[in-house]
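Remarks on the structure that follows.
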Amino acid sequence: PKNTLVIGANTGIFITLDPAVCYEVLPSVVDMNVYSGLFKLQDINGTIKAVPELAKSYDISKDGKTWTFHLRHGLMFSNGDPLTADAVVYSYKRVLKLHKSPVWLYESLGLTANNMNETIKKIDDYTVQIVTNKPFAPNVVMSILAQSWGGIVDPKVAEAHAVNGDMGSAWLTDHSAGSGPYVLKMWKRNSMIVLEANENYWKGAPRIKRVIIRDIPESTDQLLLLKKGDIDVAWNLTPDQMNSLKGSKNVSIVTVPGQSDEYVGMNAGWGPFKNPKVRLAVKYAIDYKSIIKDVVGGYAINNQGFIPYGYFGYVSKTPFHQDIEKAKKLMEEAGYPNGFKVELVTNTTERRRSEAIAIQANLAKIGIKAQITIMQASQMYSKYRQQGIQMIVAGWGVDFPDADALAKPFADYRVKQLAWRLMWYDDYAADLAEKAGFEKNPAKREQMYEDLTNYWFLNGPFAMLYQPLQYWGVRNELKGFKEAAEGYGLVFDLTKVYK
Amino acid sequence: MPTEVKTETLLSVENLKKYFPVKRGAFRRLLYVRAVDDVTFQVPKESVFAVVGESGSGKTTLGRTVLRLIEPTSGKIIYKNEDFTKISLKSLRIFRRKMQIISQDPYNSLHPRKLVKDIIGEGLKIHFHMSSNEILDTVKETLERVGLREEHMFRYPHEFSGGQRQRIATARAIVLKPEFLVLDEPTSALDVSVQAIILKMFKDLKSSLSLTYLFITHDLAVVDYMSDYVAVMYLGQIMEMGTKEDVFNNTAHPYTILLMNSIPVPDPRHKNKKMIPKGEIPSSINPPSGCRFHTRCPYAKEVCKKEEPKFVKISKGHFVKCHFPIIE
Amino acid sequence: MGRYVLRRLLLMVLVLFGVSVIVFFIVHVIPADPVGALLGGNAPPQLVDQMKHQLGLDKPIWAQFGDYMLGILHGNLGISLKSNRPVTQDIAEYFPATLELAIFSIIISVALGVVLGILSAVYRNSWVDHFSRIFSILGVSMPVFWTGLILLLIFYYILGWLPGTGQLSLFTIPPHRITGMLLLDSILTGNWEAFRDGLAHIILPAAVLGYSATASIARITRASMLDVLRQDFIRTAKAKGLSGRVVIYRHALKNALIPVVTLIGLTFGSLLEGAVLTETIFGWPGLGRYIVNALLVLDYPAIMGGTLFIALMYSLANLIVDLTYAVLDPRMRI
Amino acid sequence: MKSITIEKRGKLRDFIARRKPIIEDWKHTLYLWKSTKLAMIGTVIIVIFILIAIFAPIIVPYDPISSNMSARLQPPSWDHLFGTDQFGRDIFSRVIVGSRIELWIIFLVSLISGGLGTFLGVVAGYFGKFVDEIIMRITDMFLAFPSLVLAMAFAAALGPSLTNTIIAISVVGWTVFARLARAEAMKIKKQPYIEAIRAVGAGNSRIMFLHVLPMCLSPVLVQLTLRMGTIILTAAGLGFLGLGVRPPLPEWGSMVSDGRSYLVAQWWISTFPGIAIAFVVLGFNFLGDGIRDIMDPRLRR
Amino acid sequence: MRGDLLDVRELKVVFYTYRGIIKALNGVELWMNHEERLGLIGETGCGKSVTSLSIMGLIEQPGEIISGDVYFEGKSMQKMSMEELHDMRGKKISMIFQEPVSALNPVMRIGFQVAESISRAKDIKIKEAYPEVLKMLELVGLDSKRTASLYPHELSGGMAQRAMIAMALSSNPKLLIADEPTSALDVTIQAQIMELLDELVREMGNAVILITHDMGVAAEFCDKIAVMYAGNVVERASTVDIFEEPLHPYTKGLLKAVPKIGQSKELVGITGTVPDLVNPPTGCRFHPRCPYAMNKCSQKMPPLIEAKPGHHVACYLYTQEGEHNAN
Ligand SMILES: Nc1ncnc2c1ncn2[C@@H]1O[C@H](COP(=O)(O)OP(=O)(O)OP(=O)(O)O)[C@@H](O)[C@H]1O
Ligand SMILES: Nc1ncnc2c1ncn2[C@@H]1O[C@H](COP(=O)(O)OP(=O)(O)OP(=O)(O)O)[C@@H](O)[C@H]1O
Ligand SMILES: [Mg+2]
Ligand SMILES: [Mg+2]
């Protein structure tokens, strides 16, 4: 019906909707529309930037470490409680105290449960001050606070439902106490999530009065329901299903660049992959075009660097394409004319499996016999974190929209993320990534990222497959979905949708 | 006059008991079947000792316990002066060669998937470690003994009639050159015309191989035909025991008399009204108190309900378990 | 009777203990890191370690086992890593849906199976027999997830006769939760609209699930009917001059159905299991999916709790079947 | 020279004569089999299945493994009888080659679970008492599990691969045979012929393995045949949950489940392997039902 | 008309089995009058039960009556409609079987099963039949109230057989067929049951066919005896005649094999085995085992002729031609 938006999605991954705990993409989308933060990410001309939301302005101290935020006046939570600096301080401390998935982002700013009384302070009812340990670029701090875990929780409600000092976390799993455009009305697990318009929203109540996210685990079911008009949006279609919608009268396809990278990782500490030439050979063996066209149905951007399209520092160069001759030569030079055997690990999602199969076929052409092992994500990550995987097909979601959020995981082994997991102990790359993070001069910083990327192309243990495009099947009655979806994963603004 | 009791005793059973634990009903209550309850008797060498009784009286159980195919609950089984209940399981297997059994049911007593030669030869393999040719020869010889032919060696049991199966079972038993055979109603599943032939065969085998039989049956006519000694069983106990002549001609126990009365006589002119036991056979799970037969006995008195009669000798070799035995 | 039930219950406890030992060790032997997975691929190692410590997952396995067993004794199956709620609460939420589905499927498969089995037996070796055997065996021959999708395609998408996935239509007001079983609650609260809608939703999944179990019931019905028809007492009934119909329905059927009852317990088990797949296809918010989801992220407490619970249900079902058996078959009553 | 051949021939005749009962038995079986139509259909299906598996390398028109992206998602045609999948692989070829994998899975699972189950069952049934108690309680435990969940847990624990799929299904499946064999062994050990063998002086192991075990095999075999279908389905279920064999092995179950998202537009991808599964499972069920009928002692008499 | 109650003429029954066609009845000739007691004796598998089932019209797949007919009170059963057949079974002929416990429906109370018979016989509702049930159970010597509410497995064999008798006699049938009614019972119980049957039948005046292989039982109960061998009635006479002057070599052999108490003669069995009825011997089926076999015997089955008044036999020894050939 009008005023109601029905989304079909696989909500099996939903764990909690408490903004201090929630970390998965789709649940954060819900949270971002239920809780407002001081800032908000927005897609501005193709670049995602943090803009003030509940804060109307901010100051940075000279040393670049003290941040003062000025709140708007007259804000209130959906239930009518006033939203003041106390609530902001409470919410930020709450993330630190609960110490769940998102906490590391706060900690990366130097805010911890131990120092929070000094670092997070209320100045007056409309002013909040935080102190970071390093002079971060403003975009980094604001981006972090602009996401779901930066959402402001009503302290009164949270404390009223607290049990065993959990600051209402159990209750907030499936209830809401925020100030965003929507209120969480109901979450019936494995069935549906219902959001209702917040009539007290400071920008005015949204046009769509009710949003229902139905749990539909099978993509085929989503497709059928979408075509029948029982749902307005299908969230988890496969690329081929999307393509089958082309030319449909009632349904259109909406795509936006995704905030993640899809890559093949090679363990630089393992056997043949120790040799950069072998890694390079792999990069030349992969048929990127075909993977993008056939496996992901064209729903991807041919981005071979680690910085996503639309980001500061994005490198548009795509040096790799399938070149078997060259790859073979490299293999020969590296001393593996007859190839070798390798275990290629990936998880159970259909797309990854397909990619693995395609890559297996590509590698076979240069003599590398890849044996695919499909693992549960939990198993795969366990092994991965122990540096125990020889070769992997995986993805990396952006934590906050800044080149730094990618350069470090992909190039700096010291942060113990991807580069470390693949045992690429390259100090040159690590130093460069770290330095670029603090560089204040944009031109210089951009150059540094470009240098890093070029170095990384040749030496890195990654073959970047593509940057995904996010896509949805959307009924034509629904308007404004593309605008709403822009910057998906970081931004998803349901207020822009209408019927 | 009773025939002279042979001197040498081959098997002597003393106070033998066998109680079966059984679980009854859907809720599996534990009860005991007193299948054999305090039984004492002696089997003289090279004689036929018959055990008769109605079904459920414990005949089969007695036969199997005597061979220790089931472990007795208590009591002694003395075979040639050796207490058979005390032998270790290992030596038991060697011992078994000398004591064999032929069971009631000719249709299930032969392994349905084995050739006759293997059925008969199995024991030879176990005990004599013969080569396969020797085994074949021995089997052939034995088959001829029981009235079958060489060609029957390579057939399966289902190709034989009941009578022939009993012959095969007999061959399996005698191939081991035993001394003692338990014949558990070997002819009850057979037609009379065949029964006559099989009984004859047992008689012949006995004399040619000097065997001793414990002959179990429910047919008094067959007992009369086959045996030297008789024990009449009722609900796990021997009611009367003695030489055939004693039991048939000087019958002392009311049960034996009534049992004989119940047997239909194949003579149309013999049509006098008979006295037969009234009522049903009680269950051996909860046998009647006192004398077990008192519920059906026309002569029962008060004592019979209360006191269990002793197993007393009323003449040489003639025993009765009754408070009021009928003695002329 | 009381003692028998008690004994069975004790045995059940033993079995369940064994089950929990088995799951516990299988699950813990898996070289996986549920915490890491839950925190997301990006989370740094320190956080993962901290979480593990918080959840006691860094303790030696025996200690963890001890804790778990102690918890069970207090009726506490632990806190699901994923939903962050007590597993018991999760089970209470999801199980009724599965139970409802299983009950409907059982009804379908028993009704269908018994009818087909009787037809088969009575018209043995005729085309009726062949047809009903082929029909029932076909049910067990196709992967349920495939049949499910195809039926959905036909009855929902093409024909539009039945609703798509889920337990209720979006805009049907669900009944007030009493038992958690939607249809039952609708009846209890007199919410007929929800009842009708719920019924329409349950038909397809129950049919798919039930059909897959039909063959075994049809098979045993046929066999036991044939067996009964050979019995002496059937000849007696005929000798009494009863008509063929009376002989079959009055004399044979009751006897033939007794073994079918035993199968219901087993079938119930296999339905709980089939639910794992069917629930995914039909978006059914049941325990099967819960366990699958738990397995996919290795949510230890949820897997163990869910499995243990299903084992409990299964054992209970068998106990009930055995007791029913005793009631149905006078030979068993003593 | 000549005499030897004559002797040999004599032996042959002898051999045939000795086996006569077996041959008669076979004739009987053949007769029953012919009169059980479904068993015949089942046999034909299974024979075809096995033949296909044997001759798969000769039959396949295309490489079933390597992808050919230029030919993806083609509907059935004369070139590609069953169409092609999302990797442009010929589904017909994959189904054909898949039969080998299915056969292998069925064979191994049957061997392992049938063997293990029968062995434990016979031991439990033969010895009874506490041996039986212990083995049966363990069986109960495995039986109380929802078997797919147990298989899933095992597959997850061991990691998805063909071998592990086989192990997982076997671990789950043996209980049926254990129960069956136990019941049978308990029945058989009470038979007079077993007692007779004991009376002759045979020891426990001899009786158990040479006499009781062979008699337990036929019901186990029937059950095995019936279960063979289930094995394929369980493998398919594991495939559906992403715990099946490693890609790109053309295991039918994972083909169905991988193709299911194409069901609306490219129905052929999962439909053909689905039909293949249904066919073979149907075959095994018919065969099992038929054998059961044939083995029915009441029909035998 | 040879018998005014029952006349079985040239009855041939076959069973189609995997081994081939079992020629179970090979032209059975049997007749009896009202209130007569006929004993049917013979070895296992000679067709006694099949004969009785044919009389009941209960030959079913895989069996078939291929020729001959059964006339009951002059009516051809082959020509009866389904309904008439049911009625005949319910009202005029009853049957009791060998295994009394398994012949009763295990899940129904005895009372109901007897009531069912009565309701069938008297065309009344089952519920209305209960007073009659108690009377019948009383009559066969059971504790009627208690027994009526029991299930078959709660009865001993003897009691079950009594209940069967109650069921069978509740319609006061013209003919009672008792197929080995006591061979599963103990001798003492057998004696009780036979005595009971004797009394009841005498009172009610039913004709009885008593099938047995026990010569003693037949001798005590029957006034006429028919001896069957391999699908034929080979001799039929009064009981006294059969036992004292048997004519057929088979009957003679049978009698010689029966052991008797207090008679210390050697037993003589009949050599050979009962023939396989798939490939029965040609001619007289007994000829391979017959000590008096002649050429003729293997060619044609001798007809059942009246060798002496009231004494029928099927053997060439007693036909004109037979005597010729013997010379
Ligand atoms: N293995 C067993 N377990 C339990 N009870 C048993 C067992 N074997 C025999 N019985 C019971 O013991 C009693 C005596 O049985 P047994 O077979 O010895 O009698 P029998 O005299 O041989 O009878 P029949 O004439 O029927 O062969 C019966 O009540 C029987 O039910
Ligand atoms: N339903 C049947 N199917 C096949 N053959 C049968 C069937 N019923 C009887 N027969 C055959 O018919 C022949 C006669 O059997 P019948 O039962 O009449 O013998 P009987 O004289 O009653 O023997 P018994 O004394 O063992 O009861 C036998 O050879 C038997 O194998
Ligand atoms: Mg016995
Ligand atoms: Mg008979």
Side-chain angles (χ1 to χ4, degrees), chain C residues 11-12 14-19 21-23 26-27 29-32 125 129-130 133-134 137-138 140-147 149-150 153 157 212 215-216 219 223 226-227 230 266 269-270 272-277 280-281 288 291-292 295-296 298 303 306-307 310-312 314-315 318, chain D residues 35-38 41-42 137-138 140-150 152-159 226 229-230 232-233 236-237 239-243 252-253 256-257 259-261 263-264 267 270-271 273-275 277-286 288-289 292-293 296 298:
Chain C
L11 274 183
M12 207 161 95
L14 189 77
V15 165
L16 291 179
F17 174 76
V19 168
V21 173
I22 298 172
V23 229
I26 297 177
V27 173
V29 134
I30 300 179
N125 286 339
D129 182 18
H130 293 318
R133 287 172 80 183
I134 292 175
I137 291 179
L138 210 57
V140 78
S141 301
M142 296 181 291
V144 280
F145 54 92
W146 187 61
T147 344
L149 279 176
I150 286 185
L153 191 68
Y157 184 68
S212 73
S216 54
R219 180 183 289 148
L226 283 176
D227 199 42
R230 268 193 288 255
L266 281 172
S270 77
L272 286 180
E273 180 188 321
V276 169
L277 303 174
T280 307
I281 296 294
I291 296 178
V292 170
L295 252 164
L296 296 183
L298 266 185
I303 298 171
T307 316
I310 288 193
L312 173 72
Y314 180 75
S315 307
N318 274 323
Chain D
S35 59
T36 330
K37 287 201 191 72
L38 292 187
I41 300 175
R137 288 297 84 75
I138 295 176
D140 280 353
M141 286 166 199
F142 277 86
L143 222 61
F145 271 105
S147 66
L148 192 59
V149 172
L150 186 62
M152 277 168 68
F154 264 99
L158 300 166
L226 284 172
T230 321
I232 301 188
L233 291 178
F240 176 81
L241 297 167
L243 294 166
W252 291 347
V256 176
S257 96
R260 72 184 191 272
S261 60
L263 199 61
V264 180
W267 54 271
S270 66
T271 299
I275 290 174
I277 292 180
F279 242 97
V280 172
V281 178
L282 206 65
F284 277 120
N285 273 303
F286 283 170
D289 265 7
R292 184 190 294 236
D293 271 7
D296 191 332
R298 281 163 298 229

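In what follows, chains are A, B, ... by sequence order, proteins preceding strands, each numbered from 1.
Scanning both residues, D:Val256 and C:Phe145, for their nearest heavy atoms gives CG1-CE1, 3.5 Å. Among all heavy-atom pairs drawn from D:Phe286 and C:Ile134, the shortest one is CZ-CG1, 3.5 Å. Across all non-hydrogen atoms, the minimal contact from D:Leu263 to C:Trp146 is CD1-NE1, 4.5 Å. What you find for C:Ile22 and D:Met141 is that their closest heavy atoms are CD1-CB, 4.1 Å.
Residue with the most contacts toward chain C among D:Ile41, D:Ile232, D:Leu226: D:Leu226 (heavy-atom pairs, distance under 4.5 Å). Heavy-atom pairs under 4.5 Å with chain C were tallied for D:Thr271, D:Asp289, D:Ile138; the largest tally goes to D:Asp289. Among D:Ala278, D:Ala236, D:Gly283, the residue with the largest count of heavy-atom pairs under 4.5 Å with chain C is D:Ala278. Ranked by heavy-atom pairs under 4.5 Å with chain C, the first of D:Gly253, D:Ser257, D:Gly274, D:Gly237 is D:Gly274. Contact count versus chain D (heavy atoms, under 4.5 Å) is highest, among C:Ala311, C:Gly18, C:Ser141, C:Gly306, for C:Ser141. Listed options C:Ser315, C:Ala215, C:Pro143 were ranked by heavy-atom pairs under 4.5 angstrom with chain D; first place goes to C:Pro143.
Contact of C:Thr280 with chain D is made through the side chain alone, with heavy-atom distances under 4.5 Å. Using a 4.5 Å cut-off between heavy atoms, C:Val23 contacts chain D through both its backbone and its side chain. Interface residue D:Ile277: backbone and side-chain heavy atoms are both found under 4.5 Å from chain C. For C:Val21, no part lies under 4.5 angstrom from a heavy atom of chain D. With a 4.5 angstrom heavy-atom cutoff, C:Leu138 touches chain D via backbone and side-chain atoms both. Only the side chain of C:Val276 comes within less than 4.5 Å of a heavy atom of chain D; its backbone N, CA, C and O stay farther away.
If you take CD1 on C:Ile150 and CH2 on D:Trp267, they are separated by 10.0 Å, rounding to the nearest 0.5 Å. Remark: C:Leu16 CG to D:Asp140 CG distance equals 10.5 Å, nearest 0.5 Å. Distance check, rounded to the nearest 0.5 Å: CG of D:Asn285 to CD1 of C:Ile137 gives 5.0 Å.
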